[in-house]
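This report concerns only the one structure given below.
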Amino acid sequence: MKLFEHEGKQIFSQWGIPIPRGGAVQDIHDARWVAGQTGYPVVVKSQVLRGGRGKAGGVKFASGEAELDAGVKELLAMRLAGEPVETVLVEEKLNIASEFYMGVTLDPKNQLPLLMVSAQGGMDIEQVAKEFPHQVFKAHLHPLQKPGLHSMLDLLLKTGLRGKELVRAATVLLKLVHCYFDNNAITAEINPLVIDAEGNVIAADAKVEIDDNALFRVKAVAHFTRKEEVADPLEAEAKSMDISYVGLGGGNIGLIAGGAGLGMASMDMIAAHGGRPANFLDLGGDATMEKTARALRIVLKAPGVQGVLINLFGGINNCEQMAKGISQVVDDLKPSQAVVVKMRGHSQEEGWTILADKKIPVIKMGTTEEAVLLLLQEMNRQGVTVDGCTD
Ligand code: GDP
Ligand code: MN
C-alpha cells in the first residue's frame with residue numbers, strides 16, 4: 001500500500017524524524033485553522049499518490065489568508081494524472097538552505113534493502129541517477145541486521161555534509177532505516193530532506209510504500225483507510241465469498257479450477273486449443289456446495305462467456321458437494337452456455353452421478369486437454385466457432 005505524504009509523515013514522526021508543523025485538511029475552513037496554528041507563510045500540498053507534484057503545479061505557497069484560500073480551492077479542484085485531489089496538506093513553509101535525498105528501497109536485483117543518498121535533493125531521483133550518476137551514493141543493507149549510526153555517517157560523508165548537519169542527517173537516516181524495517185516497507189524515501197537556515201534537518205516530503213502481504217501486522221498503518229477500488233464488480237462479488245477470481249476481459253471461456261496451479265494449467269490448455277480464458281478462478285480448499293454454486297454464477301455472468309470449464313480435484317474438497325453446487329446452478333439458470341466438468345477425487349462416484357443426472361458432460365478419468373476439447377465440441381454444437389477446434 002502506498003501512503004499519502006501526510007500519512008508517511010505521521011509515521012516518520014512516530015519514528016522520531018522531524019517533520020514540518022501542519023495538518024491534512026479537506027476544506028478551506030480547516031486549512032485556515034491549521035495555518036492559524038503554524039503561522040504564515042505556509043505551503044499547501046496536494047495529497048495524491050504520484051510524485052512530481054511540484055512540477056505539475058500541485059504545491060502552492062501562501063503568505064496570507066487570501067492566498068491560502070485561493071491555493072486550497074485550486075488544488076482541491078485539480079486532478080493530477082487522473083487522480084482527484086481530495087486532501088491537501090497545509091504546513092509551515094520551510095526556509096530552505098539545501099535539499100538532500102535519502103531513501104531505502106528493496107533492490108529487485110539481489111533482494112536486499114538498498115540505501116541511497118544524494119546532495120541533489122528535490123528532483124526526481126531517477127532523473128538524478130541519470131544526469132548525475134556519481135552523485136547518488138548507495139549501500140546495501142543486511143536484511144536481518146539493523147545498521148549503526150557509523151555506517152550512516154560514512155555514507156552521508158560522501159554527499160559533502162559536515163558538522164552538526166551531518167550528524168543530524170545521519171540520525172534521520174538511521175531512523176528512516178528503522179522505520180523501513182519496522183513497518184515492512186518496500187520503499188521509505190525523503191525527498192527533499194531539507195536543511196534550513198538554522199541547520200535543522202527536516203523531512204519535507206514522504207514517500208512510503210508498505211508490503212501488501214505484511215499489512216495485517218503493520219500497526220502504524222492500520223487506521224489509514226482506502227476506498228475499495230475494484231474495477232470489476234464480479235471481482236468484488238467473488239472477494240466477498242473468499243473466491244479468488246480475476247476477470248481477464250474479452251475471453252470466451254469461463255473457468256473454475258480447484259487450485260491455482262490447476263487453474264493456470266487449464267488457462268494454458270484453453271489457449272493452446274484456440275479458446276480465450278475469460279477469467280482465472282481458484283475455488284480454494286473450502287469449496288462447499290454454496291461456494292461452488294456462487295463461483296459458477298459469477299463465471300456465467302461475465303460478458304462474452306460462451307462456455308465454462310470446471311476443472312476440480314477432490315482432495316480436501318468433496319466432489320459430491322461441488323457437483324451439488326454445479327447442478328443447483330444449472331437447474332436454476334438453465335444456462336445457454338456449454339458447461340463441462342472434469343472432476344476426480346474424494347466422493348467422485350457420487351459427484352459423477354449427480355452431474356450425469358443433470359446431463360452435464362463430465363470427464364472422469366481423462367486429462368485437462370480432453371476436458372477442453374469436449375467443451376470446444378459442445379460449444380461448436382451450439383454454433384460457437386472456436387479456432388483450433390478439431391471437431
Ligand atoms: P513532489 O514534487 O511531489 O516530490 O513534492 P515535494 O513535497 O517534494 O515538493 C516539491 C518541491 O516543493 C520541493 O522540492 C521544495 O523545493 C518545494 N517545497 C516543498 N515544501 C516546501 C517548504 O516548506 N518550503 C519551501 N521553500 N519549499 C518547499
Ligand atoms: Mn518530493
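Keep in mind that this is a model prediction, so the values were computed, not measured. Numbers for residues simply follow the sequence, beginning at 1. Order of listing sets the numbers, starting from 1, for every ligand and every atom in it.
When the options K219, K175, K146 are evaluated for a salt bridge (charged side-chain N to carboxylate O under 4.0 Å, His left out) with D182, the one that passes is K146. Between I256 and the choices I326, L312, D282, the side-chain contact (heavy atoms from CB on, under 4.5 Å) rule is met once, by L312.
Around NZ of K207, the count of heavy atoms belonging to other residues, nucleotides or ligands within 6.0 Å does not exceed 12. The number of heavy-atom neighbours closer than 6.0 Å to NE2 of H29, taken from other residues, nucleotides and ligands shown, is 12 or below. Other residues, nucleotides and ligands place no more than 12 heavy atoms under 6.0 Å from the CD1 atom of I316. More than 12 non-hydrogen atoms from other residues, nucleotides or ligands lie less than 6.0 angstrom from NZ of K60. Other residues, nucleotides and ligands contribute only 12 or fewer heavy atoms inside 6.0 Å of the NE2 atom of H134.
Atom CG of L309 is separated from atom NZ of K342 by 8.5 Å, given to the nearest 0.5 angstrom. If you take CG on D212 and CD1 on I186, they are separated by 6.5 Å, rounding to the nearest 0.5 Å. Atoms CD and CE, on Q348 and M322 in that order, are 11.0 Å from each other to the nearest 0.5 Å.
Heavy-atom minimum distance, G57 versus M78: O-CE, 3.2 Å.
Residue P192 places a heavy atom less than 4.0 Å from ligand 1. Distances from ligand 1 to the non-hydrogen atoms of K93 include at least one value under 4.0 Å.
Here's the thing with R50: none of its N/O atoms is less than 3.5 angstrom from an N/O atom of ligand 1. On a distance-only criterion, G54 and ligand 1 share at least one N/O pair closer than 3.5 Å.
For ligand 1, the atoms lying closer than 4.0 Å to a non-hydrogen atom of E92 are 23 (O). Atoms of ligand 1 lying under 4.0 Å from at least one heavy atom of G51, given by number and element, are 3 (O). In the vicinity of G122, heavy-atom distances shorter than 4.0 Å reach the ligand 1 atoms 14 (O). Counting the atoms of ligand 1 from 1 in the order shown, those under 4.0 Å from a heavy atom of G52 are 1 (P), 2 (O), 3 (O).
Ranking the protein heavy atoms by distance from atom 12 (O) of ligand 1 puts V59 CG1, 4.2 Å first. Taking atom 21 (C) of ligand 1 as the reference point, the nearest protein heavy-atom neighbour is F61 CE2, 4.1 Å. Atom 5 (O) of ligand 1 has R53 NH2, 3.1 Å as its closest protein atom, hydrogens excluded (heavy atom only). Counting only heavy atoms of the protein, atom 23 (O) of ligand 1 lies nearest to L94 N, 2.9 Å. Scanning the protein heavy atoms around atom 27 (N) of ligand 1, the nearest turns out to be I96 CD1, 3.3 Å. Atom 4 (O) of ligand 1 has its closest protein heavy atom at D205 OD2, 3.2 Å.
Looking at E99, E5, K45 and measuring to atom 16 (O) of ligand 1, the nearest heavy atom belongs to E99.
Under 4.0 angstrom from ligand 1, the non-hydrogen atoms of N191 all belong to its backbone.
The atom name of the N/O/S atom in D205 closest to the Mn ion (ligand 2) is OD2.
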